[in-house]
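Encoded as structure tokens, the structure appears first; notes follow it.
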Amino acid sequence: MAVFLFRFLVLIAVFILAYCAIKYFINPKRKLELAHNKKLFYLLDEKSNVRKNFLLTYRGVLFEGEKYLGTTENAFEVVTIQVWAKNNNNLQGLNKEDFHFIEKEISIIYPNSKVIWKSPIKELLLR
């Protein structure tokens with residue numbers, strides 16, 4: 001009886017470890033952090049939740065975007081998105097084309113939205 005109970009507890013422990021490993025590898029925050037460290041583009045967003053800001057990383061810079069709901073011709077959709085860098089010191093080396101690339105990627109997900117950049121990116125794009 002004790003051997004059966006021990007085997008049952010080991011089996012439960014294996015299932016718990018497998019569950020934790022799967023949850024770790026599919027965690028979107030981990031994917032964002034990995035893309036940030038590798039200086040790749042990655043967008044972390046819950047499209048169905050308008051109140052939740054999205055995070056994106058591009059060339060080692062972490063950006064945050066705030067979505068605003070508005071009306072279009074047929075429905076309520078995200079019409080304005082404000083984007084800013086989490087740390088302005090990391091913006092060194094980025095140019096206008098990089099910000100236009102980010103705008104294009106955001107417009108793929110939110111086609112009816114207008115992207116508004118916060119300072120100092122806004123000043124760069126106005127020149």
Side-chain angles (χ1 to χ4, degrees):
M1 182 68 176
V3 173
F4 176 73
L5 183 62
F6 180 72
R7 287 181 182 172
F8 182 69
L9 291 175
V10 168
L11 185 64
I12 289 175
V14 167
F15 281 126
I16 291 173
L17 286 174
Y19 174 77
C20 291
I22 290 170
K23 292 295 277 183
Y24 172 76
F25 283 113
I26 63 171
N27 186 355
K29 284 274 197 182
R30 186 190 69 82
K31 291 179 182 179
L32 177 74
E33 186 177 314
L34 188 64
H36 182 69
N37 291 338
K38 290 184 177 182
K39 298 185 178 186
L40 301 173
F41 177 81
Y42 185 77
L43 179 69
L44 175 63
D45 183 27
E46 280 186 41
K47 190 173 179 181
S48 61
N49 189 354
V50 178
R51 292 184 175 183
K52 189 170 183 179
N53 293 353
F54 65 82
L55 296 171
L56 72 91
T57 182
Y58 181 69
R59 290 196 179 181
V61 181
L62 187 63
F63 296 93
E64 186 171 355
E66 188 172 358
K67 305 175 274 191
Y68 295 98
L69 191 65
T71 57
T72 59
E73 292 180 15
N74 298 328
F76 288 101
E77 293 182 19
V78 174
V79 293
T80 307
I81 298 174
Q82 280 192 339
V83 182
W84 63 93
K86 292 285 248 179
N87 187 355
N88 290 337
N89 297 332
N90 295 340
L91 291 174
Q92 184 176 359
L94 293 180
N95 54 32
K96 288 183 180 181
E97 289 79 27
D98 295 325
F99 297 111
H100 291 302
F101 171 78
I102 294 171
E103 284 181 8
K104 185 183 83 166
E105 292 296 322
I106 291 172
S107 68
I108 291 171
I109 298 172
Y110 299 105
N112 298 319
S113 68
K114 177 183 175 190
V115 176
I116 300 172
W117 294 94
K118 286 192 176 180
S119 197
I121 301 166
K122 181 170 137 182
E123 285 79 16
L124 172 71
L125 294 177
L126 289 176
R127 290 185 191 163

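Worth saying up front: this structure is predicted, and the values here are computed from it rather than measured. Computed over heavy atoms, backbone and side chain alike; hydrogens, waters and symmetry mates excluded.
- Expressed to the nearest 0.5 Å, how far CD1 of Ile22 lies from CG of Leu17 amounts to 11.0 Å.
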Please test Leu62 against Asn90 for side chain to side chain contact (heavy atoms under 4.5 Å, CB included), starting from the C-alpha separation and ending with a verdict. CA-CA 8 Å; Leu62 187 63; Asn90 295 340; over 6 Å; no
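- Put simply, the side chain of Thr72 reaches to within 4.5 Å of the side chain of Val79, judged on heavy atoms.
- Taken together through direct or relayed side-chain contacts under 4.5 Å among Ile, Leu, Val, Met, Phe, Trp and Tyr, Ile106 and Leu94 form part of one hydrophobic cluster.
- Of all the heavy atoms in Pro111 and Ile108, the pair that sits closest is CD-O, 4.2 Å.
- Counting heavy-atom neighbours within 6.0 Å of Glu123 CD, excluding the residue itself, gives a total above 12.
- Distance check, rounded to the nearest 0.5 Å: CD of Glu64 to NZ of Lys86 gives 4.0 Å.
- Legend: side-chain hydrogen bond (donor to acceptor under 3.5 Å, both in side chains) pairs involving residues 99-114, not counting sequence neighbours, sorted by first then second residue: Asp45-Tyr110, Lys67-Tyr110, Glu77-Asn112, Glu103-Trp117.
- Between Val50 and Phe76, the closest side-chain pair of non-hydrogen atoms is not below 4.5 Å.
- Distance CG/Leu44 to CZ/Arg30: 12.5 Å, rounded to 0.5 Å.
- Expressed to the nearest 0.5 Å, how far CG of Leu126 lies from NZ of Lys96 amounts to 8.5 Å.
- The hydrophobic cluster containing Phe54 does not contain Leu34, counting ILVMFWY residues as joined when their side-chain heavy atoms lie under 4.5 angstrom apart, directly or transitively.
- Here the side chains of Lys47 and Ile109 are in contact, with some heavy-atom distance below 4.5 Å.
- Annotation for Lys52: atom NZ does not count as buried by contact number, only 12 or fewer foreign heavy atoms lying within 6.0 Å.
- For Asp98 (side chain) and Phe101 (main-chain N/O), no donor-acceptor pair under 3.5 Å exists by modelled atom type.
- Counting only heavy atoms from C-beta outward, the side chains of Leu55 and Lys29 approach each other to under 4.5 Å.
- Hydrophobic clustering (ILVMFWY, side-chain heavy atoms < 4.5 Å, transitive): Val61 and Leu40 are in distinct clusters.
- At a threshold of 4.5 Å between non-hydrogen side-chain atoms, the residues Leu56 and Phe41 count as touching.
- A continuous path of Ile, Leu, Val, Met, Phe, Trp and Tyr side chains, each step under 4.5 Å between heavy atoms, connects Leu91 with Ile102, placing both in one hydrophobic cluster.
- In this structure, Ser119 contributes its side chain and Lys122 its backbone to no donor-acceptor pair below 3.5 Å.
- Linking Ile, Leu, Val, Met, Phe, Trp and Tyr residues whenever their side-chain heavy atoms come within less than 4.5 Å leaves Leu32 and Val83 in two separate clusters.
- Heavy-atom neighbours of Lys118 NZ from other residues, nucleotides or ligands within 6.0 Å: above the threshold of 12.
- Here the CG atom belonging to Leu11 is positioned 7.0 Å from the CZ atom belonging to Phe8, to the nearest 0.5 angstrom.
- Inter-residue side-chain proximity for Phe63 and Ile121 is flagged as met; some heavy-atom pair is nearer than 4.5 Å.
- Nearest approach of Tyr42 to Pro28, heavy atoms of both residues: CE2-O, 4.0 Å.
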